[in-house]
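Working notes, beginning with the structure itself.
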Amino acid sequence: MTTPPRPGEAGDMRLLVLGGTVFLSRAVAAAAVGAGHEVVCAARGRSGSVPAGAELVEVDRDVSHAPLRGSRFDAVVDVATMSLPWVRDALAAVDAGHWTFVSSINAYADTATRGQTAAAPLLAPRSDVSATTPEDPELYGTVKVACEEAVRAAYGDRALVVRGGLMCGPGDVWDRFGYWAARFARGGRAVVPEVPGHPAQVVDVRDLAEWIVRSAEQGLGGTFDGTAPGTTLAALLDEVAAAVGAPDLELVGRPAEELAAAGVGIWAGPRSLPLWLPESHWGIVDRDVSATLAAGFTARPLAETARAALAWERELGADRPRVAGLTAAEEAALL
Ligand SMILES: NC(=O)c1ccc[n+]([C@@H]2O[C@H](COP(=O)([O-])OP(=O)(O)OC[C@H]3O[C@@H](n4cnc5c(N)ncnc54)[C@H](OP(=O)(O)O)[C@@H]3O)[C@@H](O)[C@H]2O)c1
């Protein structure tokens with residue numbers, strides 16, 4: 001690798017986003033364009049379009065990174081979901097002053113202990129799996145760890161690893177936070193998990209994207225959890241309800257045992273109550289993010305995220321088939 005340039009000052013970077021057509025990577029590209037940077041997105045262009053002002057270079061990472069070979073950027077942001085070959089090929093193809101890899105909270109070995117920092121023990125790295133949609137959170141985490149190591153090995157203190165928490169807001173296709181915004185806006189009696197002390201921690205995709213861009217501008221190195229400070233699930237749901245709930249909304253708590261007995265799933269997916277987790281996983285939604293805050297991350301008020309999530313839900317269409325949450329019929333059966 002030739003001696004790379006240092007990252008630019010605000011407004012004068014040439015930034016490569018590996019992705020850029022959907023959710024976080026698109027928000028990163030949009031934030032960078034907004035900050036006045038020159039932005040190139042490398043993707044197939046299948047998941048959506050790049051934001052206005054960014055350029056799309058068509059790359060299929062399953063085939064090759066050849067269209068990027070020999071290019072130089074002040075900073076790169078890679079969101080490779082779970083493929084070490086993608087990450088390695090990109091590192092070999094592109095020369096940059098700073099490299100951000102978006103990892104996940106699923107990289108940690110201990111899902112139960114609350115208040116852990118980014119120094120907590122990780123899963124053993126695994127390099128032999130590739131997928132764009134993670135099915136198994138632990139497998140996903142092991143590949144993220146391998147990708148993190150590859151980026152650190154290549155970029156040392158010019159590598160920024162951001163372990164994303166549960167992302168929400170505009171562009172979200174996972175329905176987890178969005179389910180609650182849409183459900184509460186519909187009003188009536190809404191079933192919620194009643195689990196005292198249950199922690200919750202999410203991040204507005206725009207806050208994360210803006211911090212990633214600012215960090216690249218500053219050449220920030222190190223490993224951080226990319227999520228906002230935590231709260232309790234009850235407080236989070238109350239805040240969402242206060243922000244977007246219909247006037248006749250009533251939250252009806254149901255204990256975990258009752259929900260489980262009725263076949264309601266946790267966290268995500270069909271027939272679930274999103275964000276609800278067993279105690280064995282409370283550690284992933286109660287991270288100590290003081291280092292992230294000290295490094296300049298700022299979170300907007302949750303009410304603002306809830307309003308944006310609802311607007312996005314309405315854009316997607318309230319009656320669409322959902323990938324997470326209860327259907328109206330499933331909820332009625334519980335009531
Ligand atoms: N969602 C969450 O709550 C959460 C939580 C923690 C961490 N994360 C991490 O955060 C990141 C989210 O990234 P994201 O929001 O941008 O969504 P993503 O679905 O992880 O990334 C999708 C991007 O990759 C591109 N892509 C997919 N297949 C490709 C291929 N074969 N060749 C080239 N490009 C390809 C897509 O573009 P095209 O399809 O247009 O090619 C798209 O721009 C990921 O690293 C994820 O693991 C997410």
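These values consider heavy atoms only, across backbone and side chains, with no hydrogens, waters or symmetry-generated copies. Counting starts at 1 for both ligands and their atoms, following the listed order.
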Element-labelled atoms of ligand 1 that are located less than 4.0 Å from some non-hydrogen atom of [X]:
X	result
Gly20	43 (O)
Leu166	3 (O)
Ser25	14 (P), 15 (O), 16 (O), 43 (O)
Phe23	1 (N), 15 (O)
Trp174	1 (N)

Among [options], which one has a heavy atom closest to [atom]?
atom	options	result
atom 11 (C) of ligand 1	Val102, Asp62, Ile105, Val28	Val102
atom 40 (O) of ligand 1	Arg44, Arg61, Arg46, Met167	Arg46
atom 31 (N) of ligand 1	Val17, Asp60, Val63, Thr21	Asp60

Structural part of Arg26 in contact with ligand 1, heavy atom criterion under 4.0 angstrom
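For Arg26, no heavy atom sits under 4.0 Å from ligand 1.
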
With heavy atoms only and a cut-off of under 4.0 Å, state how Val59 meets ligand 1: side chain, backbone, both or neither.
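The part of Val59 near ligand 1 is the backbone, not the side chain.
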
Do me a favour and list the nearest non-hydrogen protein atom to [atom] with residue, atom name and distance?
atom	value
atom 24 (O) of ligand 1	Gly19 CA, 4.1 Å
atom 19 (O) of ligand 1	Val22 CG1, 4.2 Å
atom 9 (C) of ligand 1	Tyr140 OH, 3.7 Å
atom 45 (O) of ligand 1	Val79 O, 2.6 Å
atom 34 (N) of ligand 1	Ala43 CA, 3.7 Å
atom 18 (P) of ligand 1	Thr81 OG1, 4.0 Å

Would you check whether [X] reaches within less than 4.0 Å of ligand 1, judged by its heavy atoms?
X	result
Met82	no
Cys41	no
Arg176	yes
Gly165	yes

List, one per line, each side-chain donor-acceptor pair under 3.5 Å for residues 293-302, sequence neighbours excluded.
from	atom 1	to	atom 2	distance (Å)
Arg300	NE	Asp207	OD1	2.8
Arg300	NH1	Glu304	OE2	3.3
Arg300	NH2	Asp207	OD1	2.9

Calculate, to the nearest 0.5 Å, the distance between atoms CG and OG belonging to Asp62 and Ser83 respectively.
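Spacing of CG (Asp62) from OG (Ser83) equals 7.0 Å.
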
Taking the six-membered ring of Tyr108 as reference, does the cationic atom of Arg287 (NZ for Lys, CZ for Arg) lie under 6.0 Å from its centre and within 45° of its axis?
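Arg287 over Tyr108 ring: yes.
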
When you look at CZ of Arg206, are more than 12 heavy atoms from neighbouring residues, nucleotides or ligands closer to it than 6.0 Å?
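Above 12, so yes.
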
Could you pull out all residues at least two apart from Arg254 that satisfy salt bridge (charged side-chain N to carboxylate O under 4.0 Å, His left out)?
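Partners of Arg254 under the salt bridge (charged side-chain N to carboxylate O under 4.0 Å, His left out) test: Glu258.
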
Ring pair (Phe, Tyr, Trp, His ring centres under 6.0 Å) between Phe224 and Trp211, worked out
CA-CA 11 Å; Phe224 298 86; Trp211 179 60; 5.8 Å; yes

Test side chain to side chain contact (heavy atoms under 4.5 Å, CB included) applied to Asp78 and Val87, Val94, Leu91, the passing residue:
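Result for side chain to side chain contact (heavy atoms under 4.5 Å, CB included) with Asp78: Val87.
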
Any salt bridge linking [X] with [Y]? Criterion: basic side-chain nitrogen under 4.0 Å from a carboxylate oxygen.
X	Y	answer
Glu313	Arg320	yes
Arg44	Asp60	no
Asp248	Arg186	no
Asp175	Arg183	no

